[in-house]
Amino acid sequence: MSSAAAKPILYSYFRSSCSWRVRIALALKGISYDVVPVNLLKDGGQQLAIIHYLEDTRPNPRLLPQDPKKRAQVRMIADHIVSGIQPLQNLSVLKQMGEKKTEWAQNCIASGFQALEQTLKHTAGRYCVGDEVSMADLCLVPQVFNAERFQVDMGPYPTITRINKALLELEAFKVSHPSRQPDTPAELRA
């Protein structure tokens with residue numbers, strides 16, 4: 001973006017967790033943008049620290065709490081999801097797993113969710129950290145979607161399930177959902 005007034009372009013893939021997190025941030029901050037769909041199944045893609053950039057340049061509403069302890073908790077949860085769970089289901093990894101890709105994804109998600117559930121028992125309010133939407137929540141919803149896509153039993157994760165349900169009621173999470181993107185295949189549209 002050349003200036004704060006320029007309308008940003010989001011290069012997005014409808015089912016990308018990374019793109020989805022950015023779409024939620026843009027919706028929460030009320031930033032209108034143009035979408036240029038990219039197909040991650042074909043050419044791979046680049047990931048940028050877009051949400052941190054948005055937080056630095058358009059801080060309202062905040063996605064990182066001002067309170068240092070809560071801020072650290074948000075970062076810890078977000079990092080756990082984006083570094084410890086989500087990359088293990090990236091297309092390049094799943095291709096290598098061949099016929100065992102579903103079992104692999106289920107095991108990776110379940111292992112990550114076991115730790116996440118314990119963390120959220122101590123940090124959660126209505127959302128991941130207290131009652132304000134944060135970067136942690138932007139990370140949680142796409143990961144729960146992936147868990148459901150790979151048929152992970154969500155029974156052992158009542159806190160994750162409760163928070164996800166509350167977040168999906170918010171308009172920013174509805175409009176950013178993969179089923180509502182311009183490049184969503186017709187059979188997957190809401």
Side-chain angles (χ1 to χ4, degrees), residues 7-35 37 47-67 69-83 85-86 89 109 112-113 116-117 119-150 152 154-155 157-184 188-190:
K7 191 172 184 183
I9 297 171
L10 177 62
Y11 295 87
S12 179
Y13 179 62
F14 80 102
R15 198 165 48 198
S16 163
S17 295
C18 299
S19 296
W20 191 356
R21 293 189 290 258
V22 174
R23 291 191 305 262
I24 297 168
L26 290 166
L28 284 169
K29 290 179 177 288
I31 300 169
S32 84
Y33 60 96
D34 291 322
V35 173
Q47 308 302 332
L48 304 171
I50 296 169
I51 296 171
H52 287 285
Y53 172 79
L54 290 173
E55 188 69 0
D56 289 343
T57 60
R58 300 181 187 183
N60 293 313
R62 291 185 149 295
L63 298 177
L64 282 171
Q66 283 193 283
D67 176 71
K69 182 177 181 181
K70 286 184 177 183
R71 191 178 190 97
Q73 290 170 332
V74 166
R75 286 186 167 137
M76 174 183 64
I77 293 164
D79 287 349
H80 176 72
I81 295 168
V82 303
S83 299
I85 304 173
Q86 186 256 323
Q89 299 121 68
I109 294 167
F113 274 10
L116 183 59
E117 180 72 17
T119 298
L120 291 175
K121 285 180 182 178
H122 300 285
T123 64
R126 181 162 175 77
Y127 307 120
C128 286
V129 178
D131 296 327
E132 300 296 323
V133 174
S134 71
M135 282 186 197
D137 301 298
L138 277 61
C139 298
L140 181 75
V141 170
Q143 187 54 63
V144 173
F145 178 84
N146 286 340
E148 292 168 349
R149 196 169 135 229
F150 289 110
V152 172
M154 294 299 291
Y157 317 113
T159 310
I160 292 172
T161 301
R162 176 186 59 75
I163 294 168
N164 185 67
K165 183 178 181 205
L167 289 164
L168 287 175
E169 293 172 3
L170 301 175
E171 187 62 21
F173 288 80
K174 290 177 185 177
V175 300
S176 63
H177 195 278
S179 65
R180 296 180 66 182
Q181 300 313 303
D183 59 327
T184 304
L188 299 176
R189 288 191 175 275

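The shown structure was predicted, so the numbers you read here are calculated from the model rather than taken from an experiment.
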Are the side chains of [X] and [Y] in touch, meaning some heavy atoms are under 4.5 Å apart?
X	Y	answer
V144	F113	yes
Q86	C18	yes
V133	P61	no
C139	I77	no
V82	R21	yes
L120	Y157	no
T184	Y13	no
P65	E132	no

- [ ] Taking the six-membered ring for Trp and the full ring for Phe, Tyr or His, determine whether the centres of W20 and F145 are under 6.0 Å apart.
- [x] yes
Rounded to the nearest 0.5 Å, what separation is found between the [atom1] atom of [X] and the [atom2] atom of [Y]?
X	Y	atom1	atom2	value
T123	Q73	OG1	CD	5.5 Å
D56	I51	CG	CD1	12.0 Å
M76	I81	CE	CD1	10.5 Å
N60	K29	CG	NZ	6.5 Å
L63	S134	CG	OG	7.5 Å
L168	I163	CG	CD1	12.0 Å

Task: Donor-acceptor contact below 3.5 Å, side chain D137 vs main chain C128 - done: yes
Task: Sidechain-backbone polar pair: H80 side chain, G112 backbone, donor-acceptor under 3.5 Å - done: yes
Task: Electrostatic pair K174:E169 at N-O distance under 4.0 angstrom - done: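 No, this pair does not count.
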Grab the two heavy atoms, one from [X] and one from [Y], that are nearest each other, plus how far apart they are.
X	Y	result
F14	Q181	CB-CB, 3.8 Å
R189	P182	NH2-O, 3.0 Å
Y127	L167	CD2-CD2, 3.3 Å
E55	L64	OE2-N, 3.2 Å
P8	S32	CD-O, 3.4 Å

Task: Contacts of type side-chain hydrogen bond (donor to acceptor under 3.5 Å, both in side chains), residue T159, not counting sequence neighbours - done: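 side-chain hydrogen bond (donor to acceptor under 3.5 Å, both in side chains) check on T159 returns E117.
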TODO: Might you confirm whether atom OH of Y11 has over 12 heavy atoms from other residues, nucleotides or ligands at distances under 6.0 Å?
DONE: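 Not buried by this count: 12 neighbours or fewer within 6.0 Å.
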- [ ] Go through the structure and list residues passing side-chain contact (heavy atoms from CB on, under 4.5 Å) with S12, not counting sequence neighbours.
- [x]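 L10, S19, R23, V35.
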